[in-house]
Chemist: 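Before I ask anything, here is the structure I am working with.
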2 protein chains.
Amino acid sequence: MQPRSGDAAGAEPGSREGLRNDLGWALGVVFRGYAKAASAAFADVPGGPRGYQVLAAATRSEPGSQQQLAHHLGVDRTVMTYLLDDLERAGLIERHPDPADRRARRIAPTERGRALLSGLDERLGAAEEQVLAGLSGPERESFRALLCQAAGHASTLDPGASACVLADGADKGGC
Amino acid sequence: MQPRSGDAAGAEPGSREGLRNDLGWALGVVFRGYAKAASAAFADVPGGPRGYQVLAAATRSEPGSQQQLAHHLGVDRTVMTYLLDDLERAGLIERHPDPADRRARRIAPTERGRALLSGLDERLGAAEEQVLAGLSGPERESFRALLCQAAGHASTLDPGASACVLADGADKGGC
DNA sequence: TATTGTTATACTCTATAACTATA
DNA sequence: TATAGTTATAGAGTATAACAATA
């Protein structure tokens, strides 16, 4: 099996151009790898990885309205409703009407939600290590920093910028 | 509008832990940004960004069988069939039976496919710049290198490794 | 029997539109 | 009138299973 493709045509002279393409390929590989690892790690959490993200945002920062949080996580507001339904049904978060604007709702973690979250952080760490396994310690830090820098810039371009709302006073986006 | 969330609870002391989470968030932001930009750039290409990736692989490297290419791009083999159907219908690629294994098919670009591809590369460059806008020139190169390193490692872990098949003799995965 | 590619089907995820309540 | 959230519906994308041809 596996015919060992070294026999056929092979790379062409113009393969330098082909390398540029690899940003998209590499981004896809890493993203899918992370999504897969995170989904496995959070299999028992309602909503999976995004359920975790919502719980973390509700616990550790000021998530704002449902819509702001949805935008921050890159999901539709209707999806956020389903996500919060599941988390609330599981007793992990609660929706409180915002006194300032009674149309909006503020998301708060329950005691159970807070307790669960601390355990989940360890699992996330393992999943991240799996994705960054090809990098050394210093390389991982560089990669994290550059990735967050790019992401912060991209998210601030978005109108109604999400990151600014979540990270009080932090000017670097979500990082 | 926009109540300026600086008034409420704010970040908690334990926000250091929250930062670890941002790898997933940043990865999502950058990936979605890239996907969006690439989809817009390749709106008229059958299959969008992945149609481009297939066309590029068929033209500039040895894509192997449909299944190998599908694995490399992280899609199901059935999806690859639909993708190739569209590209073939548009006259961009052709499927030739593999003489060595007549179950398999080798994908080859048509003249029209080759001509289209060179024009698409420019569009891709613009899309990439958009995603990396938050990074300086040297930072972009570092980011590319680290990302490809991580992706290369991740894809070689996969059994039936995809990158090795595509990159003749290249030991660094697809990069 | 196992594998490549295809097809048909079912499922998941996401987006669209219509509705309630507040502003 | 416009907006936050909800709900129902439709759509895109994806995976599962069964099939034909070949190994």
Side-chain angles (χ1 to χ4, degrees), chain A residues 1-3 5 28 31-32 35-36 38-39 42-43 46-51 53-54 58 63-89 93-108 159-160 162 165, chain B residues 1-3 5 28 31-32 35-36 38-40 42-43 45-51 53-54 58 63-89 93-108 159-160 162 165:
Chain A
M1 283 171 199
Q2 239 161 278
S5 68
F31 180 77
R32 282 192 302 271
K36 190 177 175 183
S39 294
F42 299 140
R50 283 197 307 209
Q53 286 183 307
V54 168
S65 68
Q66 290 186 194
Q67 228 173 127
Q68 285 172 323
L69 180 56
H71 188 194
H72 176 72
L73 297 181
V75 301
D76 196 81
R77 60 176 181 164
T78 62
V79 175
M80 181 57 66
T81 296
Y82 304 138
L83 208 44
L84 293 174
D85 284 348
D86 294 342
L87 290 167
E88 196 170 34
R89 211 170 0 242
I93 59 111
E94 287 171 349
R95 284 188 259 212
H96 302 293
D98 185 336
D101 182 347
R102 279 165 50 208
R103 293 173 302 182
R105 302 190 173 188
R106 295 195 162 270
I107 301 137
S162 45
V165 176
Chain B
M1 279 167 203
Q2 234 160 281
S5 68
F31 179 77
R32 282 192 302 270
K36 190 177 173 182
S39 294
F42 299 140
V45 178
R50 283 197 307 209
Q53 287 184 307
V54 169
S65 68
Q66 291 186 194
Q67 226 171 131
Q68 286 171 323
L69 180 56
H71 188 193
H72 176 71
L73 298 180
V75 302
D76 196 81
R77 60 174 181 166
T78 62
V79 175
M80 181 57 66
T81 296
Y82 304 137
L83 207 46
L84 293 173
D85 284 348
D86 293 342
L87 290 167
E88 197 170 34
R89 208 165 9 235
I93 60 111
E94 286 172 349
R95 283 188 260 212
H96 301 293
D98 186 337
D101 182 347
R102 279 164 52 208
R103 293 173 301 182
R105 302 191 172 186
R106 295 195 162 271
I107 300 136
S162 45
V165 176

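These figures come from a predicted structure and were not determined experimentally. Letters A, B, ... are given to chains in the order of the sequence lines, protein chains preceding strands, and every chain is numbered from 1.
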Chemist: Assign each of A:Val75 and B:Arg105 to its nearest nucleotide of DNA chain C by heavy atoms, then name whichever residue's nucleotide is nearer the 5' end.
Modeler: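 Final value for this comparison: B:Arg105.
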
Chemist: How close or far is atom P of C:dA15 from atom NZ of B:Lys36, stated in whole angstroms?
Modeler: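 Value for this atom pair: 11 Å.
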
Chemist: With respect to the phosphate group of D:dT6, does any side-chain polar atom (N or O) of A:Arg95 fall under 4.0 Å of OP1 or OP2?
Modeler: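 Yes, within the criterion.
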
Chemist: Does OP1 or OP2 of D:dA4 have a side-chain N or O of A:Gln67 closer than 4.0 Å?
Modeler: yes

Chemist: What is the distance from CG of A:Leu69 to P of D:dA4, rounded to the nearest Å?
Modeler: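 Taking atom P of D:dA4 as the reference, CG of A:Leu69 is at 14 Å.
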
Chemist: On a heavy-atom basis, which atom in B:Pro63 and which in B:Ala58 lie closest, and how many Å separate them?
Modeler: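 Between these two residues, the closest heavy atoms are CG-CA, 3.8 Å.
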
Chemist: Using the side-chain contact (heavy atoms from CB on, under 4.5 Å) criterion, which residues pair with B:Arg50? Sequence neighbours excluded.
Modeler: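 Once residues adjacent in sequence are excluded, the partners of B:Arg50 under the side-chain contact (heavy atoms from CB on, under 4.5 Å) criterion are B:Gln53, B:Val75, B:Val79, B:Leu83.
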
Chemist: I'd like to check the side chain to side chain donor-acceptor pair (under 3.5 Å) partners of A:Thr78; sequence neighbours left out, ordered by chain and number.
Modeler: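 Here the qualifying residues are A:Asp76.
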
Chemist: Between the protein and nucleotides 16-23 of chain D, list every N/O to N/O distance that falls short of 3.5 Å.
Modeler:
from: D:dA23; atom 1: OP1; to: B:Arg102; atom 2: N; distance (Å): 3.0

Chemist: Where is the tightest heavy-atom contact between A:His72 and B:Arg32, given as atom of each residue plus distance?
Modeler: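 Residues A:His72 and B:Arg32, closest heavy atoms: O-NH2, 4.5 Å.
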
Chemist: Which angle, to the nearest 10 degrees, lies between the helix axes at the two ends of the helix from C:dT1-D:dA23 to C:dA23-D:dT1, each defined by five pairs?
Modeler: 0°

Chemist: Within the distance-only criterion (no hydrogens, no angle test), does the side chain of B:Gln68 pair as donor or acceptor with the backbone N or O of B:Ser65 below 3.5 angstrom?
Modeler: yes

Chemist: Select base, sugar-phosphate, or nothing to describe what A:Thr81 touches, counting heavy atoms under 4.0 Å on all strands.
Modeler: base

Chemist: Is B:Gln68 near enough to C:dT4 that one of its side-chain N or O atoms lies under 4.0 angstrom from OP1 or OP2?
Modeler: no

Chemist: Between D:dT14 atom C1' and B:His71 atom NE2, what is the distance in whole Å?
Modeler: 16 Å

Chemist: A:Met80 has an atom CE; how far is it from atom P of C:dT16, in whole Å?
Modeler: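 After rounding, the reported distance stands at 17 Å.
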
Chemist: I need the CZ-C1' distance between A:Arg32 and D:dT14, as an integer number of Å.
Modeler: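 Those two atoms, CZ and C1', are 13 Å apart.
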
Chemist: Looking only at non-hydrogen atoms, find the nearest pair between A:Asp98 and A:Arg106 and report the distance.
Modeler: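 Where A:Asp98 meets A:Arg106 most closely, the heavy atoms are OD2-NE, 3.2 Å.
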
Chemist: Rounding to an integer number of Å, can you tell me how far A:Leu73 CG sits from C:dT14 C1'?
Modeler: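 About 15 Å, once rounded to whole Å.
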
Chemist: Report the distance from atom CG of B:Asp86 to atom P of D:dA12, rounded to the nearest whole Å.
Modeler: 13 Å

Chemist: Report the residues that fulfil side chain to side chain donor-acceptor pair (under 3.5 Å) with B:Arg103, sequence neighbours left out, ordered by chain and then residue number.
Modeler: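 Side chain to side chain donor-acceptor pair (under 3.5 Å) list for B:Arg103, sorted by chain: B:Asp101.
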
Chemist: Could you work out, with side-chain contact (heavy atoms from CB on, under 4.5 Å) as the rule, every residue matching B:Gln66, not counting sequence neighbours?
Modeler: B:Met80, B:Thr81, B:Leu84, B:Arg95, B:Arg105, B:Ile107

Chemist: Do the side-chain N or O atoms of B:Arg106 get closer than 4.0 angstrom to the phosphate oxygens (OP1, OP2) of C:dT4?
Modeler: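 Looking at the OP1 and OP2 atoms of C:dT4, neither is under 4.0 Å from any side-chain N or O of B:Arg106.
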
